[in-house]
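Okay, structure first, notes after.
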Number of protein chains: 2
Amino acid sequence: MAGLRARVLYDFTSENPGEISVKENEIVTLYSEQDIEGWLEGLNSTGQRGLFPASYVEILKNQTASSYNNSSSVDAHQSSQRVNNISAGSYTSTFASGFPAPPPLQQQQQQQSYPASQGSDDDWDDDWDDSSTVADEPGVTRGGLHDFENNGPNTYRVSTSSMARGGNAQQAKSSATVGRNLNRFSTFVKSGGEAFVLGEASGFVKDGDKICVVMGQYGPEWQENPYPFLCTIDDPTKQTKFKGMKSYISYKLTPTHTQNPVNRRYKHFDWLYTRLVEKFPVISVPHIPEKQATGRFEEDFISKRRKGLIWWMNHMTSHPVLARCDVFQHFLTCSSTDEKSWKQGKRKAEKDEMVGANFFLTISPPNSSLDFQEVESKIDGFKGFTKKMDDSVIQVNATLNEFARKQITGFKKEYQKVGQAFKYLSQAFELDQQTYSASLNHAIAYTGEAYEAIGDYFVEQPKQDVDPVMDLLALYQGHLANYPDIIHVQKGALTKVKESQKHVEEGKMERQQAEGIAERCNIISFATLAEIQHFHQIRVRDFKAQMQHYLQQQISFFQKVTGKLEEALRQYDNA
Amino acid sequence: MAGLRARVLYDFTSENPGEISVKENEIVTLYSEQDIEGWLEGLNSTGQRGLFPASYVEILKNQTASSYNNSSSVDAHQSSQRVNNISAGSYTSTFASGFPAPPPLQQQQQQQSYPASQGSDDDWDDDWDDSSTVADEPGVTRGGLHDFENNGPNTYRVSTSSMARGGNAQQAKSSATVGRNLNRFSTFVKSGGEAFVLGEASGFVKDGDKICVVMGQYGPEWQENPYPFLCTIDDPTKQTKFKGMKSYISYKLTPTHTQNPVNRRYKHFDWLYTRLVEKFPVISVPHIPEKQATGRFEEDFISKRRKGLIWWMNHMTSHPVLARCDVFQHFLTCSSTDEKSWKQGKRKAEKDEMVGANFFLTISPPNSSLDFQEVESKIDGFKGFTKKMDDSVIQVNATLNEFARKQITGFKKEYQKVGQAFKYLSQAFELDQQTYSASLNHAIAYTGEAYEAIGDYFVEQPKQDVDPVMDLLALYQGHLANYPDIIHVQKGALTKVKESQKHVEEGKMERQQAEGIAERCNIISFATLAEIQHFHQIRVRDFKAQMQHYLQQQISFFQKVTGKLEEALRQYDNA
């Protein structure tokens, strides 16, 4: 592919080592047509070599300019490698170390830890995790808590423009001097954040869909779920269909608020995850456990995935907004045997209008205005925090991983070698032909066995303490990977407010319109701060619990070792 | 030195890979005049290349045959390297794996773990360990328990020949058909064992010098010391003399039976050790700690040497024969300030007649005869035992050495890395701007410090448990290195008995003479079996105590670790 060229579609300014800046309409030379995690390598017109987002350019082939974007569709295998790279310190440009820069959206999606399937019925079976169709059978409908397609009497249509005091949506659209950000397909644009701020979002918001942000002790927070519940995940069972041609693992989910167990497969979790990510622009949807191509029916993998799903479920049910949303409730409560209801709910969720920009319509903020400078400062602080937390999570992860590996290999070996040496000594002593040393020989042999056993304890231990910490860290790495987008949406909204204020000063925009933008930014800010608050609360809860668990397990371990040694010591009492 | 040649003085039969056999008067070609730990490399007359004992040949130089033996005097530096090689599996020919073969005596001495100085006043200061002269000052004489040069009324002259029932010493000597082993300068010959068995030893044995072997529960054993005592070694102090030109370390020895402390230097221990090795052919004299050329005034070395001397002292005072012997008592009791007495006792010891062959004259065996076949079988069993014990001691030593090294390096590093990762996590969490997480952050930081502290515990631990085991093993390696010689003397005596019986059958020897040989072999056998019994008893005592100590220390260590972790866990109570 030597001499392969591409035309730059949008300005891109390099922000990190390894990247190069490119300008709209510039022709760049590519080293390869193949993108690396959403980035292409090439030479720009000033002769600089480096990386730029693949979707910012259009590859020029055979005199025919075909959109490169079309060929950069998500490859689940490739994108999942990004996750592994997080802790390996790859060259990838980062927004904050450990986060991908915000390149165009398709790359953003590639950089998700858990690539999502498209969710349509057509490619429902393209899920490479398990390739059989859903085994749900027709039965009695038992719908979710809310029927979100029922535009009945208790739903009403609302548009963002109507929320600007005395504003007019049409005017806002037409006089869009604070206009769309055409320069990039930014998260702000794609998430609907921009459309919402500019007053372009509209939809019917049912009472049940209303999401309240309230002022709590530590600032804005999501209103607590008045009907809190938990959900257990048990009995991973191998199921087969098509006369055994296709197999999958089914998990039994039992939500405490219905007590009715439902069976769900990984692909259902995956589908749900995709819906949630689409729907909630400033909520950090916990990532589901990674897909895996091989060994899906091995006990270790199933047990590990189940643990991952339990963590995920725990974060879902802990979240005041996610726990209550219709699609999740449908997932938790629709009978596994009622295929018709399942498909109905599925179609409703996929057609949900209150996603992206419209999500913000559902938010009821407190009756107060936030100080945007303070919001920006808080967001910046949080950005710094997530960066540092991400770094330290990577470090703890790598360290504990290595610690576990050392325990399983080196530590075990050392203790077993000591054990073998003692056993060998006792064997030598057994040649001594002296009756009075028999019990000493036995005691030394026992000591040898005790050390060998301690070696085995080291092998078993990481499952008890390191692994749960690693599970926790994986979940939080997912959250931390979500935050750049959330922050980006928030930052975009604040920028629009600044722009609108400037335009008002310059007489290019009516004050009312700017007030509408500010009011909608206020809503986004309340939502973002509530989400950050929620994050801190579950973080403190989770890390406290997990550190305690880790230490308790470590203490048990050393007590077990001590007990074994005391047993060995007792052997010498009569020696 | 190409073409250097030597004449073989005695037949040597190769017994191990790497050795070649040479015959008396054969001319061999040498690769070098320089011997390697008592061995020369060369070609024999049949063209085989290999090793043979240096002292079995006479190097032919400039047509003048000079005795090579004269040039093969002990080189302390070189011979001490042998000790290190024991565990490194050197090529050296071995009697039993880990033991040197019995080449001529000067090589035997070179292979001692602790090279001995000659002990004469002239080279008293040649000790390379510390090169200053003795600082003892004249004072009041306080002699040993026995004055071994006082041939007073309670001493009597005894000769081995008189011990043969109705035999005649002169006759035994003159009709030496069971004669000297001229074939080799074997340990049996050099130790005096042969001379004694052949009835050639004679000397005055004082009552106080008598050493009794009695029948104990488990066979022959040394009569217990009726005046058991211990001796502490304290206050290693740096002393200087000649206006600070020379320095040495002085230890305070306090024997419990006199309660009078005396100051002794390493060279005094060394001198004593040499006397004991000369005097006792079938007693395993514990080796004194190794010499060291550098760092002799460093705290670690002094502490290590003191511990080694304490172990040595413990084995000396535990031994019924060694504990009571005059030279040891002189060493323990002669005032450090009475130089005259010290020199007197020193000279007496160096002139002691009851050494080597004459030592056997001092032994009073039980009034019974041992079954020599049974003795031989026991000796063979013990030989196998020592071989296996030596192997396992080497293995335990190497394993614990490596275990200690891993704890000091790898284990420490892993725990400290975990500690640092937790500390880093707590630092990240401190950026969260949330008051409610402050105590969690503190607890995580505390946990990090706890893991760092545990890393340090691992560094400190080997001093508490591994090091004492290593000291024990070093002492036993010394004993195990002594036994080949002891076994060799015993075997030599048994061989003489067999030869004499054969000669009697062939009519070449009188029955009486053979009976004398058997009776003297009986004495040696009692002594050897008593020594073996003593070895087993102290071995069981020492290894039991040391294994208990090791386990207790390991238990304390793990309890300390547990305690630290519990402390860390408590930090989360209010987090």
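Below, read A as the first sequence line, B as the second, and so on, with proteins coming before strands; counting in each chain starts at 1. Because the structure is a prediction, the values reported are computed rather than measured.
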Does any heavy atom of chain B fall under 4.5 Å from the side chain of [X], the backbone, both, or neither of them?
{"X": "Gln427(A)", "value": "both"}
{"X": "Lys406(A)", "value": "side chain"}
{"X": "Ile555(A)", "value": "both"}
{"X": "Gln533(A)", "value": "both"}

Could you state the interatomic distance from [atom1] ([X]) to [atom2] ([Y]), rounded to the nearest 0.5 Å?
{"X": "Gln420(B)", "Y": "Thr399(A)", "atom1": "CD", "atom2": "OG1", "answer": "8.5 Å"}
{"X": "Phe558(B)", "Y": "Glu566(A)", "atom1": "CZ", "atom2": "CD", "answer": "11.5 Å"}
{"X": "Ile532(B)", "Y": "Asp432(A)", "atom1": "CD1", "atom2": "CG", "answer": "11.5 Å"}
{"X": "His536(A)", "Y": "Tyr436(B)", "atom1": "NE2", "atom2": "OH", "answer": "6.0 Å"}
{"X": "Leu431(A)", "Y": "Lys383(B)", "atom1": "CG", "atom2": "NZ", "answer": "14.5 Å"}
{"X": "Leu565(B)", "Y": "Gln553(A)", "atom1": "CG", "atom2": "CD", "answer": "12.0 Å"}

Looking at every heavy atom in both [X] and [Y], which two are closest together, and how far apart are they?
{"X": "Gln395(A)", "Y": "Ala421(B)", "answer": "NE2-CA, 3.8 Å"}
{"X": "Ile444(A)", "Y": "Met547(B)", "answer": "CG1-CG, 4.1 Å"}
{"X": "Asp391(B)", "Y": "Tyr424(A)", "answer": "CB-OH, 3.5 Å"}
{"X": "Ser392(A)", "Y": "Leu425(B)", "answer": "OG-CD1, 3.3 Å"}
{"X": "Val540(B)", "Y": "Ser437(A)", "answer": "CG2-CB, 3.4 Å"}
{"X": "Lys544(B)", "Y": "Tyr572(A)", "answer": "CE-O, 3.1 Å"}

Of the backbone (N, CA, C, O) and the side chain (C-beta and beyond), which part of Gln434(B) lies under 4.5 Å from a heavy atom of chain A, both, or neither? side chain
If we define contacts as heavy-atom pairs under 4.5 Å, which of [options] has the most with chain B?
{"options": "Asn441(A), Thr447(A), Leu400(A)", "result": "Thr447(A)"}
{"options": "Phe382(A), Phe557(A), Tyr451(A)", "result": "Tyr451(A)"}
{"options": "Val561(A), Thr435(A), Val393(A)", "result": "Val561(A)"}
{"options": "Tyr415(A), Phe543(A), Phe411(A)", "result": "Phe411(A)"}
{"options": "Gln537(A), Gln571(A), Gln552(A)", "result": "Gln537(A)"}
{"options": "Gln217(A), Lys378(A), Met389(A)", "result": "Met389(A)"}

Residues, nucleotides or ligands: over 12 heavy atoms within 6.0 Å of Asn574(B) CG: no
Neighbour count above 12 (heavy atom, 6.0 Å) for Lys413(B) NZ: no
Dump the intermediate steps for side chain to side chain contact (heavy atoms under 4.5 Å, CB included) on Phe403(A) and Lys417(B), then the final yes or no. CA-CA 9 Å; Phe403(A) 188 48; Lys417(B) 269 161 58 188; over 6 Å; no
